[in-house]
Amino acid sequence: MPFWKTEMTDIKSLTIEELKNEIKALSLPSFRADQIYKWLHKEGVTSFDEMTDLSKALRTQLSEKFDISKCLIEEKYVSIIDGTVKYLYKLNDGEYIESVIMKYKYGYTICVSTQVGCKMGCKFCASTLAGFKRNLLSGEIESQLHSAQRDLGIRISHIVLMGIGEPLDNYDNVIRFIRTVNNENALNISMRDITLSTCGLVDKIYDLMKEELPITLTISLHAPNDEIRNRTMPINKKFGVDEIIKACKDYYSKTSRRVSFEYTLIKDVNDTEQCALELAKKLKGFNCHINLIPVNDVEERGNVRSSEKAINNFCEILKSKGINATIRRTLGKDINASCGQLRRKKQGSEIF
Ligand code: SAH
């Protein structure tokens with residue numbers, strides 16, 4: 001059961017079946033659960049008082065027993081270049097997380113956080129700098145969509161789990177979140193429009209296959225071999241490059257969903273011609289896609305972006321070897337849209 005520190009159950013993190021059981025335990029008719037579920041997941045209300053078709057007495061009764069997870073907008077940044085919006089949200093227990101909303105031709109995509117902080121320690125990433133605090137409840141991951149939709153008056157159609165945190169390190173709540181947003185009485189977002197990004201927790205990738213969710217899996221690879229990856233991503237000491245690629249091939253055979261790889265280019269670290277050739281060799285014959293991403297500057301990290309020439313060259317080498325590769329357009333450049341940086345700043349000023 002999803003709990004707050006206060007021991008109150010977060011009603012928004014319950015499945016419809018669990019909610020029905022809770023409602024039954026209160027000797028209430030089952031249709032009340034359907035009403036409440038829609039308020040929480042379709043409307044995205046943040047208080048029981050907004051559930052206007054419930055009696056005042058029932059609303060009071062519910063509020064004494066349950067909490068509703070929510071994301072309050074603490075800060076909001078809008079890119080004047082491309083309209084990308086970045087939010088710093090405050091959670092019920094005072095922790096902060098971030099989301100980014102990007103507009104594409106096919107609709108709005110949200111990049112959601114899955115944890116408060118991250119344990120993975122990737123050397124180029126801002127999210128791990130302020131340490132790991134806790135997992136997000138599924139209701140908190142979902143509330144990121146509701147808060148943005150309500151604030152912007154839009155419908156979000158696509159989700160990428162690429163914000164703060166490692167989604168597969170918060171496995172149960174992430175799966176619960178994916179199933180909930182897909183529910184037709186909730187946001188009804190197609191599984192095919194959901195992308196989960198992982199640094200490569202191989203055991204969890206095998207668990208994910210068994211869920212049979214037609215989502216897209218993307219792997220933050222960032223290096224063609226263990227020598228380089230060990231230096232930039234500590235998790236690689238547990239699950240190496242070859243083991244990850246093998247898991248991706250198994251994922252594809254089992255689900256028929258094409259896996260993609262993210263490859264952040266850092267000058268003189270992983271952007272050489274040899275790296276491109278080695279990567280192409282490792283992925284030869286595998287129907288996948290590589291997203292090349294110019295590294296984002298993170299103040300404390302000292303990352304140096306590869307030159308445009310090196311990025312294009314890297315891409316061309318992959319393509320010439322028959323690998324599907326594209327260079328990702330950078331959105332929200334003027335608002336530091338990559339995640340982890342706002343939380344870090346907020347913590348810096350308030351906590352330390
Ligand atoms: N933990 C998950 C999801 C969050 S990170 C994962 O590792 O995939 C989302 C993506 O942003 C990952 O590919 C991550 O490696 C990348 N990333 C982190 N810091 C970055 C930076 N400074 N510049 C470019 N990409 C970065």
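Throughout, numbering of the chain's residues begins at 1 and tracks the sequence. When a ligand or atom number is given, it counts from 1 through the structure's own listing order. Reckoned from all heavy atoms, side chains included, excluding hydrogens, waters and symmetry mates.
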L72 side, atom CG; E74 side, atom CD - distance, nearest 0.5 Å: 8.5 Å
Counterpart residues, side chain to side chain contact (heavy atoms under 4.5 Å, CB included), relative to S79 (two or more places apart): I81, D82, T84, D334, I335
Atoms of ligand 1, numbered as shown, that sit under 4.0 Å from any heavy atom of G163: 4 (C)
Side chain to side chain, R257 and I215, heavy atoms closer than 4.5 Å: no
Apart from I317 itself, residues in the same hydrophobic cluster as defined by side-chain heavy atoms under 4.5 Å: L277
C199: numbered ligand 1 atoms lying under 4.0 Å from its heavy atoms: 6 (C), 7 (O), 8 (O)
Heavy-atom nearest neighbour of atom 16 (C) of ligand 1 within options K119, Q115, H222: H222
Rounded distance (nearest 0.5 Å) linking atom CG of D226 with atom CZ of R229: 8.0 Å
Straight-line distance of F314 CZ to L292 CG, nearest 0.5 Å: 6.5 Å
N296, portion touching ligand 1 at heavy-atom distance under 4.0 Å: both
Plane angle bin for F48 and F66 - parallel if under 30°, tilted between 30 and 60°, otherwise perpendicular: tilted
Numbered atoms of ligand 1 (with element) below 4.0 Å of C125, judged on heavy atoms: 18 (C), 19 (N)
For E166, the ligand 1 atoms whose distance to one of its heavy atoms is below 4.0 Å: 1 (N), 2 (C), 6 (C), 7 (O)
Test of proximity, G165 against ligand 1: N or O pairs below 3.5 Å: yes
Structural part of T198 in contact with ligand 1, heavy atom criterion under 4.0 angstrom: backbone
Polar atom proximity, A126 to ligand 1 (N or O, under 3.5 Å): no
Residue portion contacting ligand 1 (non-hydrogen atoms closer than 4.0 Å) for E262: side chain
